[in-house]
Amino acid sequence: MSQSQSRSASPAHWQPGQQEREGLWIFTRARDFIDNIANTSPARLALVAFASVILLFTGLLSLPFSSASGEPTPLHQAMFTAVSSVCVTGLTVVSTATHWSFLGQLIILVGIFVGGLGTLTLASLLALMVSKRLGVRGKLIAQEAMNNAGRLGEVGTLLRIVIVTSVVIEGALALALIPRFMLLGEPFLQSVWHGVFYSISSFNNAGFTPHSDGIVPYETDLWILIPLMLGVFLGSLGFPVVMVLQQNGLNWKKWNLHTKLTIQVSFILLLAGTVLWALMEWDNVRTIAHMDLGDKLIHSLFASVMTRSGGFNLVDQNHMESTTMLLTDALMFAGGGSASTAGGIKVTTIAVMFLAIVAEARGDADVKVYGRTIPQGTMRVAISVIVAGATLVSVAAFLLLSISGATLDRVLFETISAFATVGLSTNLSAELPPSGVYVLTALMFAGRVGTVTLAAGLALRQRSQLYHYPEERPIIG
């Protein structure tokens, strides 16, 4: 009898220890896996970080408590919304205001904030959370994400600055918006919720709105439109630029080249977009023809700001002229600043390619600007980003044309909006079958991490080569 008791008691004492060791072993393997990726492949670490976050939010949004009806949300809708929020896009297949419960909207808002930190920043934070430290390679990755804004030992401080900067700017925008919603008759708690939601959504260039009719009811309310435009514009500049502005103010001579190019090209695109949008829509009776001069100018400026990644809209995109839709396609594809909450191929990419064209036309051997020479490797990265972006958009447009049967202008508009993580829509997303929804889901993910990951990988991965083939120039052009 005692032997039987001994045999029955022995496994009871042994099993918990085994489970504990197994759990520790799993954690150790996970830590070693993240450490290995962080120190060898920034591209893969960024993909792991973003994919993990997206899977988590997909699971949360598919649960019954996330929907207003209390029913589980279909996988393709939950995944599309999770990707759209984490990739700060703003495209929707269901109404944010009516389909999701308060918890569902809160999950979307948290996804926007987390996704707005950026791929390499998230990758660095993932490495810190799992392994409690960043190796030298991991620190180089994080420093690259911040455009080398600081010494290698200050990477942890830089990551904290990114998060604090986001919270401070979003808090200031919320404080500007909350009183206005209260004056418009909303209860205090609802005003706070809407103010916080719009502040996070605007700074992160997400374009999500908690109102069923969006911001169209506020199309002449500058108290709401101006904070939204400021939030989107600041977010589109990027954290490296914001940090340089914090350190040096408006002292142009102390700005680095990245900051100069980003701000200069951003303002050029903003002004050109405003003027061209106004000219094309001035007499369009379906958009702004009936408005007075002031409202027309506000609508034009607002559209120019939002087309480069903001995603908020005051007019129905289907009612715009064909020329305006083409202009919007171009501005969306251009996007905002590098390491920002905006998407697209980035304004510095455009600047580098334009400068290369000018140098070639002048017969200059080097590409020079503001007393600096741009390396050949940077131009190769710029070309790769543009070609990769155009290829992704072309393939996705081809697939959606086959799936949906919609017109080319609507399909192209929706695919560029998804790739550039803008969020402006002709409502094609909501009309697509699940297969089309998955195409746009993959495109949003690729647009947020694809070209950035490619650029980072090309910039950080260099092979030593002990030989050089003879040069031969093919005929170009």
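The first residue in the sequence is number 1, and the count goes up from there. Just so it is clear, the values below take in all heavy atoms, side chains as well, and ignore hydrogens, waters and symmetry mates. Please read these numbers as outputs of a predicted model, since none were measured by experiment.
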Practice problem: Could you walk me through whether Thr165 and Val242 pass the side-chain contact (heavy atoms from CB on, under 4.5 Å) test, one step at a time? | Solution: CA-CA 8 Å; Thr165 300; Val242 172; 3.7 Å; yes
Exercise. Report the distance from atom NE2 of His194 to atom OG of Ser191, rounding to the nearest 0.5 Å.
Key: 8.0 Å
Quiz item: Looking at Phe203 versus Tyr198, is the centre-to-centre ring distance below 6.0 Å?
Solution: no
Quiz item: Does any non-hydrogen side-chain atom of Met229 lie less than 4.5 Å from one of Val232?
Solution: no
Quiz prompt | Derivation and outcome, side-chain contact (heavy atoms from CB on, under 4.5 Å), residues Tyr218 and Leu228 | solution = CA-CA 11 Å; Tyr218 314 112; Leu228 291 181; over 6 Å; no
Self-check item: Working for ring pair (Phe, Tyr, Trp, His ring centres under 6.0 Å), residues Phe197 and His211
Solution: CA-CA 10 Å; Phe197 195 104; His211 291 108; 9.1 Å; no
Quiz item: Do any N or O atoms from the side chain of Thr415 and from the backbone of Val411 form a donor-acceptor pair under 3.5 angstrom?
Solution: yes
Quiz item: Tell me, do Phe208 and Thr89 make a side-chain contact under 4.5 Å, heavy atoms counted?
Solution: no
Practice problem: Using atom types as modelled and distance alone, determine if a side-chain donor or acceptor of Gln105 lies under 3.5 Å from a backbone N or O of Thr96. | Solution: yes
Quiz prompt | Residue Glu360 excluded, over 12 heavy atoms near CD under 6.0 Å | solution = no
Quiz item: Ignoring hydrogens and geometry, is there a side-chain-to-backbone donor-acceptor pair from Ser199 to Glu170 under 3.5 Å?
Solution: yes
Quiz item: Checking Ser84 side chain against Thr81 main chain: does a donor-acceptor pair fall under 3.5 Å?
Solution: no
Exercise. Flag the pair Ile54 / Cys87 as yes when at least one side-chain heavy-atom distance between them is below 4.5 Å, and no otherwise.
Key: yes
Quiz prompt | Near-ring test Phe102/Trp193, centroid separation under 6.0 angstrom | solution = yes
Exercise. Kindly compute the distance separating OG1 (Thr421) from CE (Met444), expressed to the nearest 0.5 Å.
Key: 10.0 Å
Exercise. Apply ring pair (Phe, Tyr, Trp, His ring centres under 6.0 Å) to the pair Tyr370 and Trp255, showing each step before the final yes or no.
Key: CA-CA 11 Å; Tyr370 297 127; Trp255 290 359; over 10 Å; no
Self-check item: Under 3.5 Å: donor-acceptor pair, side chain of Ser402, backbone of Phe398
Solution: yes
Exercise. Check whether any side-chain heavy atom of Val53 sits under 4.5 Å from a side-chain heavy atom of Leu56, and report yes or no.
Key: no
Quiz item: Is Arg286 atom CZ crowded by more than 12 heavy atoms from other residues, nucleotides or ligands, each under 6.0 Å away?
Solution: yes
Under 3.5 Å, side-chain donor or acceptor atoms of residues 293-306 against the rest of the protein: list the pairs with distances, not counting sequence neighbours.
residue : atom : partner : partner atom : Å
Lys296  : NZ   : Trp282  : O            : 3.3
His299  : ND1  : Asp295  : O            : 3.0
His299  : NE2  : Glu219  : OE1          : 3.2
Ser300  : OG   : Lys296  : O            : 2.8
Ser304  : OG   : Leu270  : O            : 2.8
Ser304  : OG   : Thr274  : N            : 3.3

Self-check item: Side chain Ser201, main chain Gly207, donor-acceptor under 3.5 Å
Solution: yes
Self-check item: Asn318 side chain reached by Arg410 side chain, heavy atoms, under 4.5 Å
Solution: yes
Quiz item: Which of these, Gln317, His319, Glu414, sits in a side chain to side chain donor-acceptor pair (under 3.5 Å) with Thr426?
Solution: Glu414
Quiz item: Near Leu250 CG, under 6.0 Å, is it more than 12 heavy atoms from other residues, nucleotides or ligands?
Solution: no
Quiz prompt | Backbone of Lys368 reached by a side-chain donor or acceptor of Thr373 within 3.5 Å | solution = no
Self-check item: Thr262 and Thr348: side chain donor to acceptor below 3.5 Å
Solution: no
Self-check item: Within-4.5 Å side-chain heavy-atom neighbours: Met379 and Val367
Solution: yes
Quiz prompt | Full working for side-chain contact (heavy atoms from CB on, under 4.5 Å) between Phe413 and Met332 | solution = CA-CA 9 Å; Phe413 190 96; Met332 289 192 299; 4.2 Å; yes
Exercise. Look only at the side chain of Ser417 and the backbone of Leu424, and say whether a donor-acceptor pair between them is shorter than 3.5 Å.
Key: yes
Exercise. Please confirm whether the backbone N or O of Thr328 pairs with a side-chain atom of Thr307, one donor and one acceptor, at under 3.5 Å?
Key: no
Quiz prompt | Check against side-chain hydrogen bond (donor to acceptor under 3.5 Å, both in side chains), Asp409 and Thr407 | solution = CA-CA 6 Å; Asp409 56 346; Thr407 58; 2.5 Å; yes
Practice problem: Report the C-alpha separation of Leu261 and Val347 in whole Å, then their side-chain angles, then the decisive distance to 0.1 Å, and conclude whether the side-chain contact (heavy atoms from CB on, under 4.5 Å) test is met. | Solution: CA-CA 8 Å; Leu261 291 178; Val347 294; over 6 Å; no
Self-check item: Student check: side-chain heavy atoms of Tyr438 and Phe80 closer than 4.5 Å
Solution: no
Self-check item: Donor-acceptor under 3.5 Å (Lys346 side chain, Gly344 main chain)
Solution: yes
Quiz item: Leu61 versus Thr73: any side-chain heavy-atom pair under 4.5 Å?
Solution: no
Exercise. May I ask you to decide whether Asp221 forms a salt bridge with Arg180, counting only side-chain N to carboxylate O separations under 4.0 Å?
Key: yes
